Amino acid sequence: MACLYDLESDTLYVVKWYKGQQEFFRYLPKEMPPMTVFSPLGDKVDTAQSNNHHVVLTNVQPDLAGKYRCEVSADFPTFHTEMVSSYMHVVITRSPPRAPL
């Protein structure tokens with residue numbers, strides 16, 4: 001999932017990701033390490049591929065469908081915050097049965 005933003009002249013303070021009302025990923029560049037994941041979705045986050053603009057979920061199943069939200073906050077002095085949400089659909093495709101030889 002992508003969270004694209006332009007801070008213009010501001011500095012990034014934090015990027016937070018939510019499923020519904022529950023935060024599951026946070027990117028705070030001033031902390032070491034900058035990424036924090038939270039249960040119950042935390043075990044699905046691929047931290048090697050996730051960053052301040054993208055969150056990659058692994059082993060996605062239909063129960064992960066739902067409303068996701070990205071929240072971006074600028075640092076001091078403005079702390080300007082923007083939020084965008086979107087619905088993620090999960091589709092399971094099955095291979096068609098093989099024709100007998």
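The structure presented is a predicted model; accordingly, all values stated were derived computationally and were not measured.
- From Lys16, atom NZ reaches atom SG of Cys70 across 11.5 Å, with rounding to the nearest 0.5 Å.
- No donor-acceptor pair closer than 3.5 Å links the side chain of Ser73 to the backbone N or O of Thr81.
- Taking the side chain as every heavy atom from C-beta outward, Thr36 and Leu28 never approach each other to under 4.5 Å.
- The aromatic rings of Phe79 and Phe76 lie perpendicular to each other, with more than 60° between the two planes, well past the 30° mark.
- Side-chain heavy atoms closer than 4.5 Å link hydrophobic residues (I, L, V, M, F, W, Y) into clusters, and following such links, even through other members, never connects Met83 to Phe25.
- Taking both residues in full, the closest heavy atoms of Pro34 and Pro29 are given as CB-CA, 4.1 Å, listed atom of the first, atom of the second, then distance.
- If you take CG on Leu41 and CG on Asp63, they are separated by 8.5 Å, rounding to the nearest 0.5 Å.
- Using a distance-only test at 3.5 Å, with no hydrogens or angles considered, a donor-acceptor pair links the side chain of Thr58 to the main chain of Lys44.
- Separating the NZ atom in Lys19 from the OH atom in Tyr68 is a distance of 5.0 Å, to the nearest 0.5 Å.
- Relative orientation of the Phe24 and Trp17 rings is tilted, given thresholds of 30° and 60° on the angle between their planes.
- No continuous path of hydrophobic side-chain contacts links Val60 to Val56 [ILVMFWY only; heavy atoms under 4.5 Å].
- A single hydrophobic cluster is not seen to contain both Tyr18 and Tyr27; linkage of ILVMFWY side chains at heavy-atom distances under 4.5 Å, directly or through other members, places them apart.
- To the nearest 0.5 Å, atom CG of residue Asn52 and atom SG of residue Cys3 are 9.0 Å apart.
- Residues Val14 and Leu12 fall into different hydrophobic clusters, defined by Ile, Leu, Val, Met, Phe, Trp and Tyr side chains chained together at heavy-atom separations under 4.5 Å.
- A heavy-atom distance below 4.5 Å is found between the side chains of Phe38 and Arg26.
- To the nearest 0.5 angstrom, Asp6 atom CG is 11.0 Å from Glu82 atom CD.
- No option in His80, His54, His53 other than His53 meets the ring pair (Phe, Tyr, Trp, His ring centres under 6.0 Å) test with Tyr5.
- Around atom CD of Gln61, more than 12 heavy atoms belonging to other residues, nucleotides or ligands sit under 6.0 Å away.
- With respect to Val15, the side chain to side chain contact (heavy atoms under 4.5 Å, CB included) criterion is satisfied by exactly one of Val72, Val55, Asn51: Val72.
- For the pair Lys30 and Asp75, the minimum side-chain heavy-atom distance is below 4.5 Å.
- With rounding to the nearest 0.5 angstrom, the CZ atom of Arg69 is 9.0 Å from the CD atom of Glu23.
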